[in-house]
Amino acid sequence: MKLKYFVLLMFTGLLNLNAQDYYFPEVNANWAQKPPQSFKINETQLKNAVDFAKANEYSGSRDLRIAILKGFEKEPFHQILGPTKKRGGPAGMILKNGYVVAQWGDTKRVDMTFSVTKSFLSTMAGLAEDEGLLSSTNDKVGDYVWDDTFKGAHNSKITWEHLLQQNSAWSGELWGGKDWADRPPSEGNIDDWKFATPKEPGTIMEYNDVRVNVLAYSLTQLWRKPMPMILKEKIMDKIGASSTWRWYGYDHAWTEIDGLQMKSVTGGGHSGAGIFISAEDMARFGLLFLNDGKWKNDQLISSSWIKKATTPSTPNPNYGYMWWLNKKGDRHWEGLSENIYYAAGFGGNFIVIDKENDLVVVTRWLEPNKIGEFMTKVNAALK
């Protein structure tokens with residue numbers, strides 16, 4: 001009996017030791033580095049990956065107002081509605097077990113991050129579910145947000161999950177943005193898009209920032225606080241993020257809650273706004289998810305939420321709750337783990353979580369269609 005008890009203690013100790021393998025940087029600390037060889041990573045191959053990222057900078061203008069207007073020029077009525085910022089050059093970090101094994105560019109520079117913001121936004125829904133503010137993502141949003149946003153036979157069907165998976169087909173206008181004018185089909189014209197019958201919620205994924213902003217508005221109503229405040233208190237302060245990140249909404253996107261004027265933020269930046277952040281703060285957020293929502297000994301977001309957020313949606317196997325998934329599908333990175341998931345934003349901003357290899361990869365201003373090739377080169381360094 002004593003021998004069994006001793007073996008059990010040893011096994012429990014090993015589990016605890018493994019749980020402590022990750023390094024978590026303190027606030028304002030220089031991020032600890034380790035040579036790639038200490039993790040049996042091929043330094044030459046890793047350098048090849050970094051050189052590839054530096055050599056394949058996003059081809060759009062570094063003046064992001066120009067890049068945005070050019071990138072979305074086919075959208076009718078498209079305009080800049082919120083803050084923008086000129087960007088820097090390629091930058092990034094590769095973490096192994098939390099330690100920096102490679103970095104390039106200015107990792108402290110604050111830049112726009114575009115649709116990477118969506119993965120932060122979905123986390124606000126996860127926190128709401130963890131705290132009991134949201135009973136279930138299968139609930140109808142109109143049961144929580146009872147103004148006219150979800151009125152009508154069509155919009156009343158929409159659940160939180162539909163919004164999180166971008167298959168809600170919400171129909172309407174928010175902050176001057178019309179759902180049908182956001183990333184319209186390549187065929188047809190304004191009349192075709194404007195008068196098209198909305199899809200049934202849950203059946204077809206349509207990447208659409210107006211509908212994402214409806215989620216941000218709905219979560220603001222649910223929390224009764226601005227989203228940047230929730231993110232700061234519940235996540236960013238606790239993971240030791242810097243004081244430099246910002247989360248903006250459109251200039252005119254104000255709503256009144258409990259007698260107070262609050263800014264409703266955006267889930268992206270294709271009309272300006274969204275999260276402005278450094279590569280290092282992005283890496284901290286990625287490290288939290290790599291460790292199943294736990295920072296050191298503090299469970300900040302439940303592992304059950306992360307599992308749900310990274311479960312493929314029915315219409316799109318490569319998309320969960322505003323995280324892209326490396327499953328078999330149109331966006332599959334051949335030869336890499338199907339358990340990889342990542343946040344992705346316009347201009348080549350990525351936070352990649354590779355749990356099987358204990359990696360977080362942040363890369364900024366990489367030509368977007370090069371991300372699969374870049375990750376293949378990173379993976380080659382592990383073999």
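Heavy-atom basis, side chains included; hydrogens, waters and symmetry copies ignored. For the single chain, residues carry numbers from 1 onward in sequence order. On a predicted model such as this, the values are computed, not experimentally measured, just so you know.
A donor-acceptor pair under 3.5 Å is formed between the side chain of Trp193 and the backbone N or O of Glu187. Remark: side-chain polar atoms of Asn208 are paired, donor with acceptor, to backbone N or O of Val210 under 3.5 angstrom. In terms of modelled atom types and a separation under 3.5 Å, the side chain of Asn316 and the main chain of Met205 share no donor-acceptor contact. Looking only at distances, no side-chain donor or acceptor of Asp358 sits under 3.5 Å from a matching main-chain atom of Asn97. A donor-acceptor distance shorter than 3.5 angstrom exists from the side chain of Asn291 to the backbone of Lys294, with no hydrogens or angles considered. Listed for the Thr84 side chain is no donor-acceptor partner under 3.5 Å among the backbone atoms of Arg65. With hydrogens and angles disregarded, no donor-acceptor distance shorter than 3.5 Å links the side chain of Thr107 to the backbone of Gln103. At least one donor-acceptor pair closer than 3.5 Å links the side chain of Trp223 to the backbone N or O of Met124. In this structure a side-chain-to-backbone donor-acceptor pair under 3.5 Å is missing from Lys296 to Ile239. Between the side chain of Asn318 and the backbone N or O of Asp330, at least one donor-acceptor pair lies under 3.5 Å.
Side chain to side chain, Glu367 and Asn369 fail the donor-acceptor criterion of an N or O pair below 3.5 Å. No donor-acceptor contact under 3.5 angstrom links the side chains of Asp51 and Asn48, judged on distance only. If you check the side chains of Tyr342 and Asn326, you find no donor sitting under 3.5 Å from an acceptor. Side chains of Gln221 and Tyr144: no donor on one and acceptor on the other come within 3.5 Å. One side chain, Asp130 or Ser302, offers a donor N or O that lies under 3.5 Å from an acceptor on the other. No donor-acceptor contact under 3.5 angstrom links the side chains of Thr310 and Tyr321, judged on distance only. With hydrogens and angles left out, the side-chain atoms of Lys118 and Ser115 include a donor and acceptor closer than 3.5 Å.
Partner of Tyr217 under the side chain to side chain contact (heavy atoms under 4.5 Å, CB included) criterion, chosen from Val212, Leu222, Val265, Asp147: Asp147.
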Less than 3.5 Å apart, which donor and acceptor atoms pair up between the side chains of residues 266-276 and the rest of the protein, not counting sequence neighbours?
residue	atom	partner	partner atom	Å
Thr266	OG1	Gly268	O	2.6
Thr266	OG1	Gly274	N	2.9
His270	ND1	Asp209	OD2	3.1
His270	NE2	Glu75	OE1	3.1
His270	NE2	Glu75	OE2	3.2
Ser271	OG	Gln79	O	3.4

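Across every non-hydrogen atom of Pro90 and Ala53, the tightest pair is CB-O, 4.0 Å. Taking each heavy atom of Asp63 and Ser61 in turn, the nearest pair found is N-OG, 2.9 Å.
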Under the salt bridge (charged side-chain N to carboxylate O under 4.0 Å, His left out) rule, what do Lys307 and Asp292 come out as? Steps first, then yes or no, please. CA-CA 9 Å; Lys307 183 178 180 179; Asp292 296 322; over 6 Å; no
Verify side-chain contact (heavy atoms from CB on, under 4.5 Å) between Trp254 and Ser264, making sure each step is shown before the conclusion. CA-CA 6 Å; Trp254 292 96; Ser264 186; over 6 Å; no
Check the pair Asp281, Ser242 against side chain to side chain donor-acceptor pair (under 3.5 Å), reporting the backbone distance first and the verdict last. CA-CA 7 Å; Asp281 284 344; Ser242 73; 2.6 Å; yes
Yes or no on ring-ring contact (aromatic ring centres under 6.0 Å, His included) for Tyr341 and Trp323, after CA distance, side-chain angles and deciding distance? CA-CA 6 Å; Tyr341 63 96; Trp323 288 93; 5.1 Å; yes
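Criterion: ILVMFWY side-chain heavy atoms under 4.5 Å apart, direct or through other members. Under it, Ile301 and Trp245 are part of a common hydrophobic cluster. Connection of Ile204 to Val214 is not established within any shared hydrophobic cluster, with ILVMFWY side chains joined at heavy-atom distances below 4.5 Å, either directly or through further cluster members. A single hydrophobic cluster is seen to contain both Trp324 and Phe120, as judged by linkage of ILVMFWY side chains at heavy-atom distances under 4.5 Å, directly or through other members. Grouping the Ile, Leu, Val, Met, Phe, Trp and Tyr side chains by contacts below 4.5 angstrom, directly or via other members, places Trp305 with Leu133. Cluster annotation: Val50 is connected to Leu359 through the hydrophobic network of ILVMFWY side chains, with a link wherever side-chain heavy atoms come within less than 4.5 Å.
Atom CG of residue Leu260 and atom CZ of residue Arg224 lie 10.5 Å apart, to the nearest 0.5 angstrom. Taking CZ of Phe285 as the reference point, atom CG of Leu231 lies at 7.0 Å (rounded to 0.5 Å). Atoms CG and CG, on Asp179 and Asn213 in that order, are 12.0 Å from each other to the nearest 0.5 Å. In this structure, the separation between NZ on Lys327 and CH2 on Trp333 is 13.0 Å, given to the nearest 0.5 Å.
Contact check on Lys157 versus Glu200 returns a salt bridge, with a Lys/Arg side-chain nitrogen under 4.0 Å from an Asp/Glu carboxylate oxygen. Note on Asp111 versus Arg87: no salt bridge recorded, every NZ/NE/NH1/NH2 to OD/OE distance being 4.0 Å or above. Of the charged side-chain nitrogens involved, none lies within less than 4.0 Å of a carboxylate oxygen, so that Glu161 and Lys308 do not count as a salt-bridged pair. The residues Arg364 and Glu57 are annotated as not salt-bridged, no charged nitrogen and carboxylate oxygen being separated by less than 4.0 angstrom. For the pair Arg211 and Glu206, the salt-bridge criterion is met [side-chain N within less than 4.0 Å of a carboxylate O].
Enclosure of atom NZ in Lys225 is not indicated, since only 12 or fewer non-hydrogen atoms of other residues, nucleotides or ligands lie within 6.0 angstrom. Within a 6.0 Å sphere centred on CG of Asp258, other residues, nucleotides and ligands contribute more than 12 heavy atoms. Around atom CG of Asn189, more than 12 heavy atoms belonging to other residues, nucleotides or ligands sit under 6.0 Å away. Residue Lys199 qualifies as open at atom NZ: its count of foreign heavy atoms under 6.0 Å is 12 or below. For Lys178, the NZ atom is densely surrounded, since the number of other residues' heavy atoms within 6.0 Å is greater than 12.
Within the 4.5 Å cutoff, the side chain of Lys96 has no heavy atoms near those of the Lys34 side chain.
Annotation: cation-pi geometry not satisfied between Lys140 and Phe150 (NZ/CZ under 6.0 angstrom from ring centroid, within 45° of ring axis). Because its NZ or CZ atom is not both nearer than 6.0 Å to the ring centre of Trp295 and within 45° of the ring axis, Arg284 does not count as a cation-pi partner of that residue.
Residues forming a salt bridge (charged side-chain N to carboxylate O under 4.0 Å, His left out) with Lys263 (at least two apart in sequence, or on another chain): none. Scanning for side chain to side chain contact (heavy atoms under 4.5 Å, CB included) contacts around Asp106 gives Lys108, Arg109, with sequence neighbours left out.
A centroid separation of 6.0 Å or more is found between the aromatic rings of Phe374 and Phe350. Proximity of the aromatic rings of Tyr99 and Tyr22 is defined here by a centroid distance below 6.0 angstrom, and this criterion is not met.
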